[in-house]
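One structure is given below, encoded as C-alpha cells.
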2 protein chains.
Amino acid sequence: MSHSTDQTPERPTGHAVPTSADVARLAGVSRATVSYVLNNTSAVRISEPTRRRVREAAEELGYVPHAAARSLRAGHSRMVLLPSAHIPVGPLYSQFFNDLQWELRRLDYTVVQYGSVGLKPDEAARAWAELRPVAVVSLGEVELTEQAVELLKRSGARAVITLGTQQVPGTHSLAMDQGRIGEVATAHLIESGRRRIGVVVPEEPGLGMFSRPRLEGARRAAESAGTGAAAGATVVPLPLRYDEESADELAGRWRELGLDAVFAYNDEYAMLLMRALQDAGISVPEETAVVGADDLLLGRLLRPRLSTVHIDMVLGRELAELVDQAVRDADTPPRSRRLLDSRVVRRESS
Amino acid sequence: MSHSTDQTPERPTGHAVPTSADVARLAGVSRATVSYVLNNTSAVRISEPTRRRVREAAEELGYVPHAAARSLRAGHSRMVLLPSAHIPVGPLYSQFFNDLQWELRRLDYTVVQYGSVGLKPDEAARAWAELRPVAVVSLGEVELTEQAVELLKRSGARAVITLGTQQVPGTHSLAMDQGRIGEVATAHLIESGRRRIGVVVPEEPGLGMFSRPRLEGARRAAESAGTGAAAGATVVPLPLRYDEESADELAGRWRELGLDAVFAYNDEYAMLLMRALQDAGISVPEETAVVGADDLLLGRLLRPRLSTVHIDMVLGRELAELVDQAVRDADTPPRSRRLLDSRVVRRESS
DNA sequence: GCGAGGGGGTTACACGTGTCAGTGACGCGT
DNA sequence: ACGCGTCACTGACACGTGTAACCCCCTCGC
C-alpha cells in the first residue's frame with residue numbers, strides 16, 4: 001500500500017526475530033556459549049555468573065530458538081507424521097486418533113498431520129519424506145508400497161507404522177481387523193437362528209475402507225457356519241445413505257427382501273434403520289433382528305435396546321509407546337499386533 | 001558398520017539420503033543449476049538438455065528436498081499451527097475441524113497440530129513460535145494474551161486467529177458464540193410458556209469452554225424475558241455425567257426440582273435425559289419440555305422427536321480462506337466474524 | 001621455575017538449501 | 001578489431017543452530 005513499506009520491509013514491530021547471535025552480543029559472550037547454556041550441555045563447564053547473563057539476555061530479547069535450523073543441524077527431528085484421511089469417521093475412531101496425538105505430544109513428539117489428497121502411494125511418500133519425520137503412522141488412507149516404505153526409511157524415518165487391512169513388509173503393521181467385527185456380529189445372528197442376513201454398506205464415500213472388510217467378515221461367518229448344524233445362511237449387502245429418506249426406502253421394500261436379520265455396519269446406521277423398520281410395521285427383534293457396532297451409549301436408549309458389537313480398541317497410548325520404542329531402537333522387531341478386539345453385546349434387538 | 005562405507009560414502013540405497021549436491025555431481029553441473037531446474041526458476045535460463053540430465057539424476061538418486069533446510073533459507077514456511085485441545089468434542093465440531101485441515105492442505109499449507117498440555121499462555125506461545133509457523137489458529141484451548149500474540153507475530157506469524165469466547169487484540173477473532181445457543185433455546189422455551197427451566201451442564205472436564213457460555217446465554221434469555229409479558233422465568237443449572245446412572249439419578253428427583261423444561265446442552269445429553277425422564281414417568285413434552293443442540297439425525301429417531309438448536313457453523317473452507325488471505329496480505333484488517341449462527345428447530349419434545 | 005591439569009570460553013565447521021553477482025563463450029553491428 | 005548483449009551456467013554467501021577442537025590463564029605440585 002504505502003510505498004514506505006517498500007523501503008523498509010523489516011519493520012514489523014520489534015523488528016526482526018532475535019537469533020542466538022543477538023543474545024551472544026547482548027550478553028558479551030560467544031554464540032557457542034549461548035548454545036551451551038541454553039541447552040544445559042553438561043560436557044562443557046560454564047560459570048554460574050555467565051549462565052545468568054546469558055539467560056537474562058535471552059529473556060530480555062525474547063529469544064526463541066528456530067526449530068528448523070536446530071533439526072537441520074542435528075540431522076533429525078522429533079516429528080511424527082500422521083497422514084490422515086478426510087473421512088467422516090465415527091466417534092470411536094476419532095477418540096482413538098485424538099488419544100494417539102495426545103500421547104505422542106506427551107512423549108515430546110511434534111505431531112504433524114499431512115494430507116495426500118489424491119496422490120499415488122509413491123508420490124505421497126515423497127511428499128512425506130520432505131519433512132524428514134522420525135516416524136510415520138499411516139492410517140490406511142493410502143496403501144503404502146514397499147518402495148514407499150524404503151524411501152521413507154532412507155529419509156530418516158526410524159519407524160513406519162501402518163494401520164490397515166493388509167501387512168506391509170518392513171513396517172510395524174497394526175492389523176485393524178474390521179472383518180472380525182462383521183464376523184462376530186453375523187455369527188451371533190446365525191447362532192440365534194437367523195438365516196437370511198442383510199449387511200448395511202454405507203454409501204458414504206471414504207467409508208469403504210471400513211465397510212468392505214466388515215461385509216467380507218460377514219460372508220466368512222456365513223460360509224463357515226454352512227458346515228455345522230446351522231447350514232444355508234446367506235448374506236445380502238444393503239447400500240444405505242445416512243438419512244431418513246434412504247432408510248425409509250429400504251424399509252419399504254423390506255418384506256420382498258425376505259431378511260430375518262441385519263448387521264448395520266454401525267450403531268448409528270443401526271438406529272436409523274431400526275426406526276425405519278418399526279415405522280414400516282416390521283417388528284424388532286421378532287421379525288427382524290438388528291445388530292450395530294461401536295456400543296454407543298445412545299443405542300441403549302431406543303426400545304428395544306440395540307444389540308451391538310463392542311470394540312476394544314488399542315489405546316492411543318499403547319500405540320504411542322510403540323512408536324516411541326521403535327524410534328529409540330530402530331531395530332525393534334516389526335511386531336504385528338491386532339489393533340482391535342470385538343465381542344457381541346446382546347441386548348434386546350437380536 | 002563396515003569401514004568400506006567410509007571410503008565410499010555415495011551408496012544410494014544404503015544409508016545417507018541424497019542431497020542436491022549429490023544430484024549435481026551425478027548430472028555434472030553445479031548445485032545452483034540443480035536448484036534452478038528443480039524449482040523451475042523462471043528468472044534463469046537453463047538449456048533443455050541440461051534440464052533433462054538434472055531431472056534424470058534426481059530421479060535416479062531418489063532425491064527429496066529437505067523441507068527444513070528449504071524454509072530455513074527462505075525465511076518462512078507454509079506451516080499453519082493448529083493447537084488443539086484434548087477434549088471430547090461433538091461430531092459437529094470435529095467435522096468443522098477436519099474440514100478446516102483438509103482445506104488448508106488443499107491450499108498447500110502444512111498443518112501441524114501441537115499441544116500445550118498444561119502450559120500457561122506465554123509458555124505455549126513460546127513453544128509454538130519455535131516452529132515459526134506462518135499462521136496460528138488457536139481453538140480456545142488457551143486464552144492468548146496480548147504479549148503472546150505479539151511474540152508469535154514477531155516470530156513470523158502473519159496471521160493469528162483465535163476461535164474463542166473473547167476477542168484478543170491484534171488477531172482475527174472468530175467469536176464462537178456459544179452463548180447464543182443457550183439463548184435461543186431458552187427463549188424458545190419461554191415463548192412456549194415454560195417458566196422454570198433446567199440447563200444441563202456436563203460434568204465432563206474440558207467441556208466447560210462450551211457449557212459455561214451456554215448456561216450464561218440461558219440466563220440472559222431468562223432475564224431479558226422478565227421485562228415482557230412473560231415474566232419470572234428462572235434458570236436452574238443441572239450437572240450431569242454422560243451415563244445412564246447419572247441421568248436416572250437426576251430424573252429420580254425431577255419432581256422435587258419443579259422444572260417444566262430443560263435445555264440439555266447437547267442432543268446427546270438431551271436424548272439421554274429424555275429417556276430417563278420417560279422411564280421415570282415424566283411425560284415429554286406435556287410435563288417437561290426438552291431441547292437439545294446440534295440437530296443430530298439421531299434426535300429425530302426418538303419419540304417424541306427431539307427439538308433442538310440447529311447450528312450453522314462457518315465452513316472450514318471459509319476459515320481456511322481467511323487464513324490464506326491473511327497470510328498473503330498481513331495487513332488484512334482484523335475482521336471479526338461470528339463463527340456460528342443458531343436457530344431453533346422445533347419438533348415434538350417442546 | 002616449570003610442566004601438568006583443568007576451568008571457562010572461543011573459533012570454526014557442518015547441516016541443505018535458495019539466489020545474487022559474476023564469468024566465459026559466442027554472435028553481431030559498426 | 002572491438003564493444004555490447006545474450007545465453008548458460010557457476011562461485012559464493014546466507015539462513016540459524018550444535019558441537020568438536022582448540023586456546024588462554026590460573027593454580028598446584030615438585
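Quick note on labels: first sequence line is chain A, next is B, and so on, each numbered from 1. Keep in mind that the numbers below use all heavy atoms, side chains included, and drop hydrogens, waters and symmetry copies.
OP1 or OP2 of dG18(C) sits under 4.0 Å from a side-chain N or O of Ser35(B). Contact annotation: Arg70(A) reaches the phosphate of dG18(D) (side-chain N/O to OP1 or OP2, under 4.0 Å).
Between Lys120(A) and Glu123(A), at least one side-chain nitrogen of the basic residue sits less than 4.0 Å from a carboxylate oxygen of the acidic one, meeting the salt-bridge criterion. Contact check on Asp122(A) versus Arg126(A) returns no salt bridge, with no Lys/Arg side-chain nitrogen under 4.0 Å from an Asp/Glu carboxylate oxygen. Here Lys153(A) does not pair with Glu150(A) in a salt bridge; the nearest charged N to carboxylate O distance is not below 4.0 Å. Checked for salt-bridge contact, Arg52(B) and Glu56(B) meet the test: a charged N lies under 4.0 Å from a carboxylate O.
The interatomic distance linking Arg31(A) (CZ) with dG9(C) (P) rounds to 17 Å, in whole Å. Between Arg52(A) atom CZ and dG8(C) atom C1' there is a gap of 18 Å when expressed in whole angstrom units. The separation between Leu72(B) atom CG and dG18(D) atom C1' is 13 Å, rounded to whole Å. Following rounding to the nearest Å, Leu131(B) (CG) and dG16(D) (P) show an atom-to-atom distance of 16 Å. His66(B) has its NE2 atom 7 Å from the P atom of dT17(C), to the nearest Å. One interatomic measurement links the two molecules: CG of Asp22(A) to P of dC15(D), which rounds to 11 Å at whole-angstrom precision. Protein atom CZ of Arg132(B) is 8 Å distant from nucleotide atom P of dG16(D), rounded to whole Å.
Judged by distance alone with a 3.5 Å cut-off, no donor-acceptor contact links the side chain of Arg73(A) to the base of dT19(D).
Tested against Leu81(A), the residues Val137(A), Val160(A), Leu152(A), Val136(A) include a single side chain to side chain contact (heavy atoms under 4.5 Å, CB included) partner, Val136(A). Screening Val54(A), Val37(A), Thr41(A) for a side chain to side chain contact (heavy atoms under 4.5 Å, CB included) involving Ile46(A) leaves a single residue, Val37(A).
For Pro65(A), counting side-chain heavy atoms from C-beta on, the closest listed nucleotide (dT17(C), dT17(D), dT10(C)) is dT17(D). Residue Ala32(B) has its side chain nearest to dT10(D) when only dT17(D), dT10(D), dC13(D) are considered.
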Footprint string (nucleotides 4-9 of chain D, 5' to 3'): B base within contact, S backbone only, - free, heavy atoms under 4.0 Å: ----BB

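Side-chain contact, Asp99(B) with Gln95(B): a donor N or O sits under 3.5 Å from an acceptor N or O.
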